[in-house]
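Remarks on the structure that follows.
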Amino acid sequence: MTKQSHPYHMVNFSPWPLTAAAGSLALTTGMIKWFHFNSMNLFFLGLLILATTTLQWWRDTIREATFQGHHTLRVMTGLRVGMILFILSEVLFFVSFFWAFFHSSLSPNIELGTLWPPKSISPFNPLHIPLLNTAILLASGVTVTWAHHNLLKNKINATTSALLLTLILGLYFTILQGWEYHEAPFSISDSAFGTTFFVATGFHGLHVIIGSTFIAITLTRSLLQHLSSTHHFGFEAMAWYWHFVDVVWLFLYTAIYWWGS
């Protein structure tokens with residue numbers, strides 16, 4: 001950075017966008033092969049390529065930010081704008097699921113028996129696992145905010161403890177959702193109710209897993225003393241994403257579990 005007269009980061013050539021594209025192609029093609037021919041080899045190959053690419057790309061970004069000094073104030077401003085736009089795209093992604101849900105539920109057609117839920121569907125009790133998961137995610141939002149306040153005061157040990165608690169809550173949520181799916185009295189092919197339920201909650205569950213991975217990386221960086229009170233955009237991006245996951249779940253719980261049942 002001392003050899004250039006501007007505050008911008010001129011990114012080096014990287015193989016990871018190409019390997020990410022190849023892994024995504026293998027993953028999606030492998031899913032089709034899995035569904036139609038009951039063969040999971042290509043699916044797991046794509047998953048392995050994507051996991052490896054994610055770790056390597058994250059490693060490069062951490063190195064650029066922490067050790068090479070490329071993340072100047074101007075660069076971090078651009079990263080913040082990029083993260084905001086990414087979360088906005090995720091909001092619109094979930095809007096499409098809610099649109100599909102309300103399209104079918106507000107005016108159920110004759111194929112659904114003009115009822116919602118359809119007569120043959122036995123929905124979940126919103127006061128059982130869904131309510132517990134709501135409490136878990138709200139608590140995780142509190143702990144990640146607690147971690148942020150500790151980081152702003154340079155209390156690294158307290159930050160690490162709060163991040164660990166947030167990660168445990170995220171994993172607990174995922175386990176409970178998996179159990180809920182295992183015990184579900186309907187499937188994704190059971191009318192528009194089953195389809196909208198599993199697609200919306202399933203993609204949210206995937207976002208929880210991604211967010212938990214984000215938290216695990218941030219926790220590792222905290223243990224390695226990579227974060228400080230004045231230079232921690234990676235932590236902020238993780239916290240924004242996790243709060244987005246919390247808010248989406250509140251809408252899912254209210255609309256699909258409580259009102260929709």
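Follow the hydrophobic side-chain contacts under 4.5 Å out from Ile87 and you reach Phe93 in the same cluster. Tracing side-chain contacts under 4.5 Å through hydrophobic residues (I, L, V, M, F, W, Y), one never reaches Leu138 starting from Tyr241; they form parts of separate clusters. Residues Leu252 and Ile175 are members of separate hydrophobic clusters, defined by side-chain heavy-atom contacts under 4.5 angstrom among Ile, Leu, Val, Met, Phe, Trp and Tyr. Two different hydrophobic clusters hold Val142 and Leu163 under the rule that ILVMFWY side chains link at heavy-atom gaps under 4.5 Å.
No donor-acceptor distance shorter than 3.5 angstrom exists from the side chain of Ser140 to the backbone of Thr166, with no hydrogens or angles considered. A donor-acceptor contact shorter than 3.5 Å is absent between the side chain of Ser222 and the backbone of Thr218. A donor-acceptor pair under 3.5 Å is absent between the side-chain atoms of Thr29 and the main chain of Ala26, judged by distance alone. In this structure a side-chain-to-backbone donor-acceptor pair under 3.5 Å is present from Thr19 to Trp16.
Close placement of the Trp259 and Phe102 rings is indicated, their centers lying within 6.0 Å of each other.
Relative ring orientation between Phe94 and Phe97 is described as perpendicular, the plane-to-plane angle rising above 60° on a 0-90° scale split at 30° and 60°. Trp249 and His204 have tilted rings, their planes meeting at an angle from 30° to 60° on a 0 to 90° scale. Note: Phe235 and His232 have perpendicular aromatic rings, judged against thresholds of 30 and 60 degrees for the angle between ring planes.
Exactly one residue among Pro108, Ser120, Pro123 makes a side chain to side chain contact (heavy atoms under 4.5 Å, CB included) with Phe193. That residue is Pro123.
Note: His71 NE2 to Ile62 CD1 = 10.0 Å, rounded to the nearest 0.5 Å.
In the model, Tyr257 has no side-chain atom that pairs as donor or acceptor with a side-chain atom of Thr201 under 3.5 Å. In this structure, a donor-acceptor pair under 3.5 Å is absent between the side chains of Ser14 and Trp57.
Phe35 forms part of a hydrophobic cluster together with Leu27, Met31, Trp34, Met40, Phe43, Phe44, Leu47, Leu50, judged by ILVMFWY side-chain heavy-atom separations under 4.5 Å.
Pairs of residues two or more places apart, or lying in two chains, that qualify as side-chain hydrogen bond (donor to acceptor under 3.5 Å, both in side chains) and include a residue from residues 86-105 are Glu90-His207.
The minimum heavy-atom distance between Trp242 and Val208, with the atom names listed, is CZ3-O, 3.7 Å.
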